[in-house]
Participant: 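After the C-alpha cells below, expect a handful of questions from me.
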Number of protein chains: 2
Amino acid sequence: MTLIETKADRTDICATVPRAHPRPEGQDRYTISEVVAFTGLTAHTLRWYERIGLMPHVDRSHTGQRRFTNRDLDWLAFVGKLRLTGMPVADMVRYAELVREGEHTFEARQELLEQTRRDVRSRIAELQDTLAVLDHKIGFYADARRASERL
Amino acid sequence: MTLIETKADRTDICATVPRAHPRPEGQDRYTISEVVAFTGLTAHTLRWYERIGLMPHVDRSHTGQRRFTNRDLDWLAFVGKLRLTGMPVADMVRYAELVREGEHTFEARQELLEQTRRDVRSRIAELQDTLAVLDHKIGFYADARRASERL
DNA sequence: TGCTTGCTTGGAGTGCACTCCAAGGTTCTA
DNA sequence: TAGAACCTTGGAGTGCACTCCAAGCAAGCA
C-alpha cells in the first residue's frame, strides 16, 4: 500500500522523460526567474498557473517569495506536455484537482488521459490529411513553375 | 500559357479532394444558409471571412444578397484544410491575396505552403512525443489499479 | 396581402490564454 | 549602506477567432 502510494506520487509529479534537475534534491529551492529560465514560461504565467489551481501550492520563503522545487519543475514539464496536446487549461486544472484528491481518483485520471489520447490521435490523423493536400498543391506549383521556365 | 492559367485557376480554387457539388455548374447559386449547411461554418463566419479578405468577393443577387458558387465552396473547403493545420487567419488572408494577384505569385504561394508543411510536420512529431508520455502515464494508472484490485 | 423566415450591415461582445501594470517590499553585490 | 535587480499583489489589458445584436429589407407561401 505504502509502496503503491510512493510510486503513484512519483509518476504523477515526476518528469516522465527523465531530465536532470538543475540542482540535487535538498538544495532545490528555485526563484521564479530561475524557473522562467528553465521552463521557458513567463513569471506571469507561472503565477497565473498557481492562481487558477494548475500548480500545487508553491512553497514560500519567510518573506513570502516563491521557492519552487524539483517536483514543481517536473509537474511543469508534464503540464507542458498536456499543453502541447491542445488540452484546454480548464481540463488540466481538473486533472490537477484529481491529483490533489489522492489515490482514489486513479480511474478518473486514467479516463481523462485516455480521452486526451484519443483527441491527440485524431488530431494527428487530421494533420496527416492536410499534409496530403499540401503535398498536392505544392506539387502543382512546382510543376507549373518548371513548365513556365521551359517555355 | 492559357493552358497553364486554366490549370492554375482549377488548382487554386477547386477542391483538392474531389467532392460532388450539391448542384451542377451553371445552377450553382447558393444562399448563405445553404453554404452553412454544406460547410458547417456559421453565417457570421462566412460574412466575416469575406470582410477580412479571406474570400474572393462573393456574387450578389439583384437585391444584394450573397449567392455563392461551386468555386466558392471549393475555396472554403481548402481554407478549412488550412485552418486544420492551425495556420493563423492572417496567413490565410495573405495566401488569398497572392491568389488574387495572379500567376506571378506562384513562387510565393509555394513557399508559404512549404512553410506550413514544415509546421504541420513538426506539430505531428510533437504530438507523437506527447502520445508517448500519455501511454506511459495511462500504463501506470492501469498497473496501479490492477495491483490494488489484487490486494 | 399578410405572415414567417431569411438576409443585410456595422459594431459590440465573448472566451481563451495569457500579458502587463503600478506600487511597494526583498535580495544581492560593492 | 546604497543601489540595482528581483519579487509581490489584484486587477486591467491584449490578441485571436469568432459570435452576436438590432434594425430593417427580401423571399416564399396561403
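This is a predicted model, so every value here is computed, not measured.
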Participant: Rounded to whole Å, how long is the line connecting atom CZ of B:Arg66 with atom C1' of D:dC25?
Facilitator: 14 Å
Participant: Taking the side chain of A:Arg47 as heavy atoms from C-beta outward, which of D:dT8, C:dA17, D:dA26 is closest to it?
Facilitator: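 Given the options D:dT8, C:dA17, D:dA26, the side chain of A:Arg47 is closest to D:dT8.
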Participant: Look at the side-chain N and O atoms of B:Thr63 and state whether any lies under 4.0 Å from the OP1 or OP2 oxygen of D:dA27.
Facilitator: yes
Participant: Counting heavy atoms from C-beta on, name the nucleotide in D:dT9, C:dC18, D:dA27 closest to the side chain of A:Thr45.
Facilitator: C:dC18
Participant: Give a yes or no on whether a salt bridge exists between A:Glu126 and A:Arg123, defined as a side-chain N under 4.0 angstrom from a carboxylate O.
Facilitator: yes
Participant: Take the angle between the ring planes of A:Phe78 and A:Tyr95 and call it parallel below 30°, perpendicular above 60°, tilted in between.
Facilitator: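 Tilted.
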Participant: How many whole angstroms separate atom CD1 of B:Ile32 from atom C1' of D:dA27?
Facilitator: 15 Å
Participant: Can you check the A:Trp48 CH2 to D:dA12 C1' distance for me, whole Å?
Facilitator: 15 Å
Participant: Return the value, rounded to whole Å, for the distance between atom CZ of A:Arg83 and atom P of C:dC16.
Facilitator: 17 Å
Participant: Taking atom P of D:dC18 as reference, at what distance in whole Å does atom CG of B:Leu54 sit?
Facilitator: 9 Å
Participant: Give a yes/no on whether any side-chain N or O of A:Ser33 is located under 4.0 angstrom from OP1 or OP2 of D:dC7.
Facilitator: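 For D:dC7, OP1/OP2 do have a side-chain N/O of A:Ser33 under 4.0 Å.
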Participant: Between B:His62 and A:Thr31, name the one whose nearest nucleotide on DNA chain D is closer to the 5' end.
Facilitator: A:Thr31
Participant: To the nearest 0.5 Å, what is the distance between CD (A:Glu97) and CD (A:Glu101)?
Facilitator: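 If I round to the nearest 0.5 Å, the distance is 6.5 Å.
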Participant: Rounded to the Å, how far apart are A:Tyr49 OH and C:dA17 C1'?
Facilitator: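 Computing the A:Tyr49:OH to C:dA17:C1' distance gives 8 Å.
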Participant: Take B:Thr42 and A:Gly64, find for each the nucleotide of DNA chain D with the closest heavy atom, and name the residue whose nucleotide sits nearer the 5' end.
Facilitator: A:Gly64
Participant: Between the main-chain N or O of A:Thr45 and the side-chain N or O of A:Thr42, is there a donor-acceptor pair closer than 3.5 Å?
Facilitator: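 Yes; judged by distance alone, with no hydrogens or angles, the pair exists.
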Participant: Checking contacts here: which listed nucleotide (C:dA17, C:dT8, C:dT26) is nearest the side-chain heavy atoms of B:Gln65?
Facilitator: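 Nucleotide nearest to B:Gln65's side chain: C:dT8.
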Participant: Quick one: B:Arg67 CZ to C:dC7 C1', roughly how many Å, whole number?
Facilitator: 9 Å
Participant: Measure the distance from NE2 on A:His44 to P on D:dT14 and round it to the nearest whole Å.
Facilitator: 14 Å
Participant: Measure the CG-CD distance between A:Leu98 and A:Glu111 for me, rounded to the nearest 0.5 Å.
Facilitator: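 Rounded to the nearest 0.5 Å, the CG-CD separation comes out at 10.0 Å.
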